[in-house]
Protein chains: 2
Amino acid sequence: MSSESWTPPAVLVAVDLVILTLRDSALNVLLVERGIDPFRGARALPGGFLNNAGEDIVAAARRELAEEANLDAATLHLEQLGAYGEPGRDPRGRVVSVAYLAISPGLPEPVAGTDAARAAWTPVDEALSDTARLAFDHRRILLDGVERARAKLENTSLATAFCAPTFTIAELQRVYEAVWGVALDPRNFYRKVQAVPDFIVPAGNQRTTKGRPARLFRAGSRTELTPPLTRP
Amino acid sequence: MSSESWTPPAVLVAVDLVILTLRDSALNVLLVERGIDPFRGARALPGGFLNNAGEDIVAAARRELAEEANLDAATLHLEQLGAYGEPGRDPRGRVVSVAYLAISPGLPEPVAGTDAARAAWTPVDEALSDTARLAFDHRRILLDGVERARAKLENTSLATAFCAPTFTIAELQRVYEAVWGVALDPRNFYRKVQAVPDFIVPAGNQRTTKGRPARLFRAGSRTELTPPLTRP
DNA sequence: ACAAAAGTGTTCGTGGTACACCCATGC
DNA sequence: GCATGGGTGTACCACGAACACTTTTGT
């Protein structure tokens with residue numbers, strides 16, 4: 001260690017949000033167009049600095065979720081991805097950003113006249129394309145977020161966080177197919193998810209546009225999936 | 001957002017290390033006895049503040065690894081666990097700590113007359129016992145680190161990071177048994193690990209204290225295990 | 001020879017995949 | 001009726017658990 005009179009350097013702490021949802025059976029992420037430098041005009045993940053020195057980091061994430069995306073953190077899944085603190089990631093100075101992954105059901109309106117007017121759902125494939133050019137290291141953070149979601153679909157009930165309070169098994173299947181980017185057999189999927197105790201529980205009937213009406217389900221109490229649903 | 005003249009609050013950033021190894025077929029973690037307040041005299045994870053505003057966080061982790069544990073980060077596994085930033089976790093003020101998980105092979109001497117003299121390998125069971133009373137939120141960080149290690153044994157070649165450059169399959173099995181806390185069938189384990197392409201590759205012969213000599217292996221190029229080794 | 005640990009062969013049951021088939025609705 | 005999607009039955013195959021058995025060393 002150094003001498004006792006040495007004091008450690010202070011840095012700025014920000015939060016960034018990877019907010020994923022399903023739109024038209026495709027995985028989408030919420031991006032904002034930056035109104036200020038650096039990276040003015042470029043697209044970026046929603047986020048911002050801590051409000052004051054006493055604000056909890058996850059509280060800051062929830063606040064940004066409300067401010068920038070008009071989403072209620074109480075109703076959706078929110079978990080930390082990690083800290084991104086490379087020197088030089090922000091040209092303004094030393095900023096350490098704590099990234100969070102949020103999963104939102106359906107499509108709660110592509111945000112309207114709120115503080116979040118500049119926010120727009122963007123297909124993940126497009127956001128990660130070479131032409132997208134996200135601000136800062138947000139491409140890296142988005143990649144990590146998507147990978148985290150992919151992995152957690154296997155072992156946890158995270159998929160239900162993409163769905164409305166009640167959903168059909170086919171809707172749940174579309175979550176897996178969109179996030180994993182694969183096609184699954186509906187008949188086997190149907191039995192597989194019901195074989196996991198307390199993963200999903202029945203909740204009545206529904207009729208769809210075509211074909212036989214599907215049963216409705218709610219998310220059950222089980223959070224860890226045993227056995228896991230393995231991707232092909 | 002607030003007015004443009006508002007400046008975000010600065011906080012202190014620290015790194016904490018969960019360094020795991022195997023000693024006598026038991027999972028151990030490196031703990032240091034704190035020489036200064038707060039929590040003077042209590043045991044804590046090795047760690048410290050960033051050296052200066054330009055230091056990369058993972059570089060700070062590597063530096064602490066060398067200073068406090070006399071370990072070379074180039075030779076061992078190091079990955080981020082996440083950020084721990086609850087207000088009040090450090091009585092000195094607002095500190096956000098970025099925790100790292102390090103895996104070290106064998107037992108590179110319980111550290112000697114170095115800067116790390118106060119460091120000691122401690123069985124994880126003991127470190128997590130109710131009487132241990134780790135400083136700050138280090139019990140939580142240690143729990144997360146152990147759980148991360150457990151999970152990654154299934155899907156990655158992390159287990160080889162606990163082993164010397166060459167090792168026998170029985171030694172590799174002891175890693176799994178110690179980290180998972182279960183007993184495995186040696187015969188099935190033997191074939192299972194060899195069935196994963198490039199997980200481990202042969203490297204000559206060895207004789208042990210008793211019984212038939214075992215073949216030696218090195219870690220292969222494969223990092224993701226497909227199929228995974230599932231814990232019973 | 002005996003003990004101990006390494007390594008092999010084989011059986012059995014479970015669980016996933018593939019796919020044929022039946023059911024319930026809208027048109 | 002037919003088309004469409006929901007839901008069921010079942011045969012097959014692969015893989016893991018269990019365990020008898022053989023091999024190679026030290027003493």
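Below, chain A is the first sequence line, B the second, and so on; all start at residue 1.
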Whole-Å gap separating [atom2] ([N]) and [atom1] ([X]):
| X | N | atom1 | atom2 | value |
| --- | --- | --- | --- | --- |
| A/Leu184 | C/dT17 | CG | C1' | 12 Å |
| B/Asp185 | C/dC12 | CG | P | 18 Å |
| B/Arg187 | C/dA6 | CZ | P | 12 Å |
| B/Lys210 | C/dA6 | NZ | P | 12 Å |
| A/Arg212 | C/dA24 | CZ | P | 5 Å |
| A/Tyr190 | C/dC19 | OH | P | 21 Å |
| B/Gln194 | C/dG9 | CD | C1' | 15 Å |
| B/Arg207 | D/dT27 | CZ | C1' | 14 Å |

Inset, instruction - Kindly determine whether A/Phe136 and A/Phe39 satisfy ring pair (Phe, Tyr, Trp, His ring centres under 6.0 Å), including the steps that lead there. - result: CA-CA 8 Å; A/Phe136 308 108; A/Phe39 295 100; 4.9 Å; yes
Legend entry - A/Arg140 and A/Asp144 ion-paired at < 4.0 Å: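 Yes, this pair counts.
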Legend entry - Salt-bridge criterion met for B/Glu79 and B/Arg148 (N-O under 4.0 Å): yes
What's [X] touching, base or sugar-phosphate or nothing? Going by heavy atoms closer than 4.0 Å.
| X | result |
| --- | --- |
| A/Arg215 | sugar-phosphate |
| A/Ala195 | nothing |
| B/Arg191 | base |

Inset, instruction - Working to the nearest 0.5 Å, report the span between CG of B/Leu225 and CG of B/Asp198. - result: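 Rounded to the nearest 0.5 Å, the CG-CG separation comes to 11.0 Å.
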Inset, instruction - Output the distance between atom CG (A/Asn205) and atom CG (A/Leu216), rounded to the nearest 0.5 Å. - result: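 Rounded to the nearest 0.5 Å, the CG-CG separation comes out at 7.0 Å.
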Inset, instruction - Report the residue (B/Thr208 or A/Thr230) whose heavy-atom-nearest nucleotide on DNA chain C is the more 5′ of the two. - result: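 This one resolves to B/Thr208.
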Legend entry - D/dA17 OP1/OP2 closer than 4.0 Å to side-chain N/O of B/Lys192: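 For B/Lys192, the contact criterion (side-chain N or O under 4.0 Å from OP1 or OP2 of D/dA17) is met.
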Legend entry - Closest-nucleotide 5' rank along DNA chain D - winner of B/Pro232 and B/Pro213: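 Upstream on the strand: B/Pro232.
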